[in-house]
Amino acid sequence: MNRNRTLGFALAALIFIADQAVKAFVVEGLGIAYPGAVREILPFFDLRFVANNGVSLGLLAAETELMRWGLVVMTAVIAIGVGFWMAREKNRGDLLALAFVLGGALGNIVDRTRFGYVVDYADLHFGEWRPFLVFNVADAAITIGVVILLIRALFVREKPKAEGTGAEAAPVENANA
């Protein structure tokens, strides 16, 4: 079980590092560092600088310094909660999904602390239609982690183990049949 937790926290660290590295490359390496800066990569994908001062879908926009730090504290509390959840989680699938959420949350917390906003840059579009807002690696990781957790909670049922044996319990038969 310890190995799974180590793997989970290592994955969270890897996602955090990847998020920060890609943001640095886009902003500093490619010079896409100001509102309106854009570089077309593919006909349906651009790198476009967006200073996102809100959270998911632009909600809870931090228009003042107090609101900015309030968002930092709120997301930090959530990240700490996810970290504690990971430390107690026994299911490898849930642990890895939580790692995606934690790594992404840490990346966005660092941005908001350093810049006052989260750096978004990935713009997927088909003509004028955009199925997503402009996002970053951290946002994608959080979304993937949450979707995995939801799918596992709604559709994946773990088989119970027989008490004390470590073996799976036999199905319970209907006594009235």
Side-chain angles (χ1 to χ4, degrees), residues 7-64 67-72 74-76 78-79 81-83 85-86 91-156:
L7 178 65
F9 283 108
L11 178 60
L14 184 64
I15 289 167
F16 168 75
I17 291 166
D19 173 66
Q20 293 297 297
V22 172
K23 286 174 183 171
F25 175 71
V26 168
V27 172
E28 297 164 16
L30 297 177
I32 303 171
Y34 55 90
V38 64
R39 179 170 291 179
E40 183 178 327
I41 304 300
L42 297 168
F44 56 88
F45 183 77
D46 300 334
L47 296 176
R48 176 180 311 275
F49 182 88
V50 173
N52 179 359
N53 64 357
V55 292
S56 182
L57 303 174
L59 301 172
L60 298 175
E63 297 168 356
T64 67
M67 292 172 75
R68 165 194 173 188
W69 291 107
L71 284 178
V72 169
M74 180 182 74
T75 53
I78 292 168
V82 170
W85 186 357
M86 287 177 66
N91 182 285
R92 179 185 239 175
D94 289 348
L95 191 59
L96 296 178
L98 289 166
F100 274 77
V101 174
L102 181 61
L106 293 175
N108 284 344
I109 289 168
V110 166
D111 278 13
R112 193 171 311 282
T113 301
R114 287 180 60 200
F115 309 121
Y117 54 84
V118 173
V119 176
D120 289 336
Y121 52 82
D123 183 16
L124 178 67
H125 59 86
F126 303 96
E128 294 300 312
W129 181 66
R130 287 174 164 75
F132 308 104
L133 296 174
V134 178
F135 61 98
N136 60 42
V137 170
D139 298 336
I142 292 168
T143 301
I144 290 166
V146 168
V147 167
I148 291 169
L149 287 170
L150 286 173
I151 289 170
R152 289 185 53 73
L154 296 173
F155 301 111
V156 177

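Keep in mind that what you see is a predicted model, and the values were worked out from it rather than measured.
- With contacts defined as side-chain heavy-atom distances shorter than 4.5 Å, the pair L71/Y117 does not qualify.
- Counting heavy atoms from C-beta outward, Y121 and V22 have side chains that approach closer than 4.5 Å.
- Here R68 pairs with E65 under the salt bridge (Lys or Arg N to Asp or Glu O under 4.0 Å) rule; sequence neighbours left out.
- Around atom CZ of F132, no more than 12 heavy atoms belonging to other residues, nucleotides or ligands sit under 6.0 Å away.
- The neighbour count for F155 CZ, taken as heavy atoms of other residues, nucleotides or ligands under 6.0 Å away, does not exceed 12.
- Taking 4.5 Å as the limit, every side-chain heavy atom of V26 sits out of range of all side-chain heavy atoms of R39.
- Once rounded to the nearest 0.5 Å, the distance linking CD1 of I17 with CD of Q20 reads 9.5 Å.
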Next item on the list: Quick one: do N136 and D19 satisfy side-chain contact (heavy atoms from CB on, under 4.5 Å)? Show the steps, please.
Entry: CA-CA 7 Å; N136 60 42; D19 173 66; 3.8 Å; yes
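- Rounded to the nearest 0.5 angstrom, M67 CE and M74 CE are separated by 10.5 Å.
- In this structure, CG on D46 lies 6.5 Å from CZ on R130, to the nearest 0.5 angstrom.
- The minimum heavy-atom distance linking A79 with I109 is given by the pair CB-CD1, 4.1 Å.
- The minimum heavy-atom distance between T113 and W69, with the atom names listed, is CG2-CH2, 3.8 Å.
- Closest approach of L11 and F100 over heavy atoms only: CD2-CE1, 3.6 Å.
- Here the closest heavy-atom approach between residue K23 and residue A138 is recorded as NZ-CB, 4.4 Å.
- Contact detail for A12 and L102: the closest heavy-atom pair is CB-CD2, 4.0 Å.
- Residues L133 and D120 are not in side-chain contact: their nearest non-hydrogen atoms beyond the backbone lie 4.5 Å or more apart.
- For F49, there are no ring-ring contact (aromatic ring centres under 6.0 Å, His included) partners, not counting sequence neighbours.
- Rounding to the nearest 0.5 Å places CG of L106 at 10.0 Å from CD1 of I15.
- Under the 4.5 Å side-chain criterion, counting only non-hydrogen atoms from C-beta, F135 is not in contact with D123.
- Looking at heavy atoms from C-beta onward, L47 lies in side-chain contact with L30 at the 4.5 angstrom threshold.
- Of all heavy-atom pairs between G8 and L96, the closest is CA-CD2, 4.3 Å.
- In this structure, the separation between CG on L95 and CH2 on W85 is 10.5 Å, given to the nearest 0.5 Å.
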Margin query: Assess the residue pair E40 and V38 against the criterion (side-chain contact (heavy atoms from CB on, under 4.5 Å)); give the C-alpha distance rounded to whole Å, side-chain angles, the decisive distance to 0.1 Å, and a yes or no.
Written below: CA-CA 7 Å; E40 183 178 327; V38 64; over 6 Å; no
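- Expressed to the nearest 0.5 Å, how far CD1 of I144 lies from CG of L149 amounts to 12.0 Å.
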